[in-house]
Amino acid sequence: MRTKIQYAIFPLLITISMTVQAQSQANYDESKVPALVLPDPFVSEKGFLISNLADWENIRKPEIFNLFETEVYGILPKDFDSISFEKVNEKENPYPESADLEEVNIKVSRNGKSHTMRINLFLPKNQSGPFPIVLLINYEPTYTDGKLVKAEFWPVPELIKRGYATASFHVETVAPDNNDTYTTGIISTLYPEQIGMSNGMKAYGAWGWGAMRAMDYFDQHPQIDTKKSILVGHSRTGKAALWASANDPRWEITYANESGCGGAAISRRKYGETVEAINTRFPYWFADNFNKYNGKEETLPIDQHLLPGLIAPRAIYYSSAKGDQWADPKGEFLGIKLGSRVYSEIYGKRIEFPAEFETINSPIHQEAVGYHIREGEHNLTWEDWSHFLEFAQMNLN
Ligand code: GCU
């Protein structure tokens, strides 16, 4: 008979061994990357050339948004009946000297049902606001017993020192990061009609929805300046942050760290994680329609280089790690470099990227668009934050 611990450990071991297997079987050979033929950002579905702001915003941008919504991420529903905010006080503040902690329950109702999500917000003490806000969508444990569990991942004291308010929510508070239980949050309670739809909301829609509700709280907070707002996600939540920002123009800067396949990286490169690999291991992240492109990335009507254009002209920042080949650093770089064409050609931003990925030796901080690659493994580190915060300083209006 199996013990409880065995029951807990077996699924974990299976997941780890599937990960190792998927990662070791992936393509890491640049010579096997197919020649890139990418959908053109500036040719509409009917074949019209898009060369001015009005045509971009009225024709091409909505087309690209619809394709990402239907074929990749699924719907992020915007409607609900009511929202209310309640400050609770359950955890010890780890930074009583420098910050005030607000633990907030956000209760949202729709069609007679309600769901409550939790955010944790730190506000600078002894500094005068309103403060710019940094929100991290978190899938790591946040803090327990008055301590941050992974201090580098969410460097609260450093952000406070620089005059930011900063908040985080754990994905579990809106949709668990688990194939068996992801609907148990807002999906089955507030938006049950999405279940089973081929373009229906899944975890990324739900996590993005959580970021929108956090923004609703900040929007009415007298100590927060939402004109200066930054949305941050790492890896799986980097993908969610990008989709959230494409849906919600209230974010002034969006930062996706090592977001890889289905985030920053070009799917057609088939380098590191592929569409099939991600859909097989995480069938609850993207819309069901995304499965149509398993092994057939070249048939996608869009690719990830078109995603920054949905956020433009608001600032966007990507980063990679050299040891994180699974996320395809070169594909991430190309995602932002090619994606920045909307910023320069439609919105007139001054942008110049190096011609070759291989020649990058320092962060590339341009007007509204930035990128860095660092040594080391897959993680959100202080080095990532410090490069990003320099960019943010330059780009907060
Ligand atoms: C897995 C997954 C990635 C994801 C990463 C993470 O490696 O394959 O797509 O970005 O987990 O979230 O750390």
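Just so you know, ligand 1 is whichever comes first in the structure, and atom 1 is the first atom listed for that ligand. Computation of the quantities below employed the complete heavy-atom set of this structure, encompassing side-chain atoms and omitting hydrogens, waters and symmetry-equivalent molecules.
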CD on Glu63 to CD on Glu45, rounded to 0.5 Å: 4.0 Å
Arg281 neighbourhood, listing ligand 1 atoms whose heavy-atom distance to it stays under 4.0 Å: 8 (O)
Cation-pi, Tyr139 ring and Arg236 (6.0 angstrom, 45 degrees): yes
Under-4.0 Å heavy-atom contact with ligand 1, by part of Lys239 that carries it: side chain
Nearest protein heavy atom with distance in Å, relative to atom 7 (O) of ligand 1: Trp326 NE1, 3.1 Å
Heavy-atom side-chain proximity of Asp384 to Glu258 below 4.5 angstrom: yes
Option whose closest heavy atom lies nearest to atom 5 (C) of ligand 1, chosen from Gly263, Ser235, Ala265: Ser235
Residue, atom name and distance, where the atom is the protein heavy atom closest to atom 9 (O) of ligand 1: Glu273 OE1, 2.6 Å
Lys228/Glu252 ion pair, N-O < 4.0 Å: no
Region of His234 engaging ligand 1 - heavy atom pairs below 4.0 Å: neither
Pairing of Glu30 and Arg269 as salt bridge, 4.0 angstrom limit: yes
Minimum-distance protein heavy atom relative to atom 11 (O) of ligand 1: Arg236 NH2, 3.0 Å
Which atom of Thr184 lies closest to which atom of Pro176, heavy atoms considered: OG1-CG, 3.4 Å
Side chain, backbone, both or neither: Ile278 near ligand 1, heavy atoms under 4.0 Å: side chain
Element-labelled atoms of ligand 1 that are located less than 4.0 Å from some non-hydrogen atom of Trp285: 4 (C), 9 (O)
For His378, the ligand 1 atoms whose distance to one of its heavy atoms is below 4.0 Å: 6 (C), 13 (O)
Donor-acceptor pair, side chain of Lys202 and main chain of Pro283, under 3.5 angstrom: yes
